[in-house]
**Q** 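Mind having a look at this structure? Questions to follow.
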There are 2 protein chains.
Amino acid sequence: MSLRHALIGLLAEHPASGWDLSKRFAEVLGNVWPAGHPQIYGELRKLREDGLIAVDSEGPRGRTTYRVTPAGLAEARRWLTSGSVDHTIRLESVLRSVFFWLMTPQELAGHLDREAAYFHGLAELYRELGAAKDRGDFGRSPQTESLRTAAEAGARVAQALGGWADWAKSAPHTGPGPAVIAAGPAAAEPGEPG
Amino acid sequence: MSLRHALIGLLAEHPASGWDLSKRFAEVLGNVWPAGHPQIYGELRKLREDGLIAVDSEGPRGRTTYRVTPAGLAEARRWLTSGSVDHTIRLESVLRSVFFWLMTPQELAGHLDREAAYFHGLAELYRELGAAKDRGDFGRSPQTESLRTAAEAGARVAQALGGWADWAKSAPHTGPGPAVIAAGPAAAEPGEPG
DNA sequence: TTACACATGTAACACGTTACATGATTTT
DNA sequence: AAAATCATGTAACGTGTTACATGTGTAA
């Protein structure tokens, strides 16, 4: 149910259309909670039906902006203060690591180099974003303070995963036996099982 | 498609039943990639239809164990070496931080204390798991080396988030204006909008 | 003989993604 | 006049969760 509350939260800043909200997810929030426009339009309809948001204005070519209702604001605050955070994490990078033993040392080294480069680059991006907010490049408001905090999380998590990839390069890695390699790296022709 | 490949990967270690695989997800893999038993049984059926796994044995009370086929092993290795990792991350803890400005300083402090405690505890758990693997408590094999690497990732990410929560406690936080508070912390009675 | 753990599955629903469809406004 | 961007939505599909249903083997 996080999308629901994220939408209310964004509308609490100022009214916005489904299109606006899609863009904010694509540019900022999508890094921790992806959502495409079909999902957003669907959820906006439900939120409107439930009275948590209301139509604020209708503009050219069907543009409809929404604003939070008092009930919506209360619901967002209830979500934030209720204490039951869903700590479920999905990290394909780490899931893969459970199966590193199926890769040859060469394959693994290449993989870890790419992962390290990706995460270090991402960390740098978030660090720069945080520094820009500290400089006040986007003005100062309670909202930008919160985004500053979120950027810090991104920087720290990306840094942690980049450091992990570096560390993994020097960790012991025995690699798969010949029988596994014999299955081939890509081809799916079942030969003689050995 | 990660569940599919994770199941093949687990079966590459040794044959197992849907029940066995469900338990391994619940105990280990579920921390980075949750999967309930209905999803696992469904995916096993598809994998069997696609010839990537095969029935290995049938035991008492309908227990069916599966093993990988050569085609399945090749597919798992193709997935691991293909280079296109899905870096999508969903972190409700960080998503919430974007809306910290809707909480009072008191509410936020309480929230961050709980988050810090949770993540520091989790980090400690993974660190201990890593140390146990380093001591060889679970024997030594390519597979346990890989699990050691995965535990390191868990420890580092949890540590990063715990440190972030500590940091956020001392970061500036203006908090919401009176109009937001007036909406109440939980009640959903729409009063006079102001 | 009662209870518990084993073991498998279906059904219904919720959430999320991709592809498709439509049309208006603005820019080139 | 053509192309790009704005703006909204539906349809189909895939993934993931919760609840339900069923029956067996083992231990108390």
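The chains referred to below are lettered A, B, ... by the order of the sequence lines, with proteins before strands, and numbering in each begins at 1. Because the structure is predicted, anything quoted here is derived from the model rather than measured.
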**Q** Please compare Leu3(A) and Arg45(B) by the position of their nearest nucleotide in DNA chain C and report the one closer to 5'.
**A** Arg45(B)
**Q** To the nearest angstrom, how far is Trp33(B) atom CH2 from dT17(D) atom P?
**A** 10 Å
**Q** Can you measure Glu58(B) atom CD to dC6(C) atom C1' for me and round it to whole angstrom units?
**A** 16 Å
**Q** Just to confirm, is there a sub-4.0 Å distance from OP1 or OP2 of dG9(D) to any side-chain nitrogen or oxygen of Tyr41(A)?
**A**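 For dG9(D), neither OP1 nor OP2 has a side-chain N or O of Tyr41(A) closer than 4.0 Å.
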**Q** Identify whether the distance between the nearest side-chain nitrogen and carboxylate oxygen of Glu152(A) and Arg127(A) falls below 4.0 Å.
**A**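 Salt bridge absent between Glu152(A) and Arg127(A).
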**Q** Mapping Tyr66(B) and Pro34(A) onto DNA chain C by nearest heavy atom, which one lands closer to the 5' end?
**A**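 The residue mapped nearer the 5' terminus is Tyr66(B).
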**Q** Return the value, rounded to whole Å, for the distance between atom CG of Asp50(A) and atom C1' of dA14(C).
**A**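 That distance rounds to 15 Å.
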**Q** In whole Å, I'd like the distance from the NZ atom of Lys46(A) to the C1' atom of dG16(C).
**A**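 Computing the Lys46(A):NZ to dG16(C):C1' distance gives 11 Å.
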**Q** Can you tell me how far P of dC15(C) sits from CZ of Arg4(A), to the nearest Å?
**A**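 These atoms are roughly 9 Å apart.
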**Q** Determine whether a donor-acceptor pair (N or O, by modelled atom type, separation under 3.5 Å) exists between the side chain of Thr149(B) and the backbone of Ala168(A).
**A** no
**Q** Base, sugar-phosphate, or nothing: which does Thr64(A) touch, judged by heavy atoms less than 4.0 Å apart?
**A** sugar-phosphate
**Q** Parallel, tilted or perpendicular: which describes the rings of Phe100(A) and Trp164(A), with under 30° parallel and over 60° perpendicular?
**A** parallel
**Q** Could you give the CG-to-C1' distance, from Asp86(A) to dA14(C), as a whole number of Å?
**A**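 Distance check: Asp86(A) CG to dA14(C) C1' gives 14 Å.
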**Q** Rounded to whole Å, how long is the line connecting atom CD of Glu43(A) with atom P of dT17(C)?
**A** 13 Å
**Q** Round to the nearest Å and state the distance from Ile40(B) atom CD1 to dT17(D) atom P.
**A**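 Distance, rounded to whole Å: 10 Å.
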**Q** Tell me if a side-chain donor or acceptor on Asp113(A) pairs with a main-chain N or O of Gly110(A) at a distance below 3.5 Å.
**A**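 Here the side-chain-to-backbone pair does not exist.
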**Q** Would you say dC15(C) has OP1 or OP2 under 4.0 Å from some side-chain N or O of Gln39(A)?
**A** no
**Q** Is the Phe119(B) ring parallel, tilted or perpendicular to the His87(A) ring (thresholds 30°, 60°)?
**A** perpendicular
**Q** Is the shortest side-chain N/O distance from Ser17(A) to OP1 or OP2 of dT8(D) below 4.0 Å?
**A** yes
**Q** Return the 5'-most residue of the pair Pro38(A), Arg63(A) with respect to DNA chain D, ranking by each residue's nearest nucleotide.
**A** Arg63(A)
**Q** If only side-chain N and O atoms of Arg61(A) are considered, is one of them under 4.0 Å from the OP1 or OP2 phosphate oxygen of dT25(C)?
**A** no
**Q** It should be established whether Arg90(B) places a side-chain nitrogen or oxygen under 4.0 Å from OP1 or OP2 of nucleotide dG16(C).
**A** yes
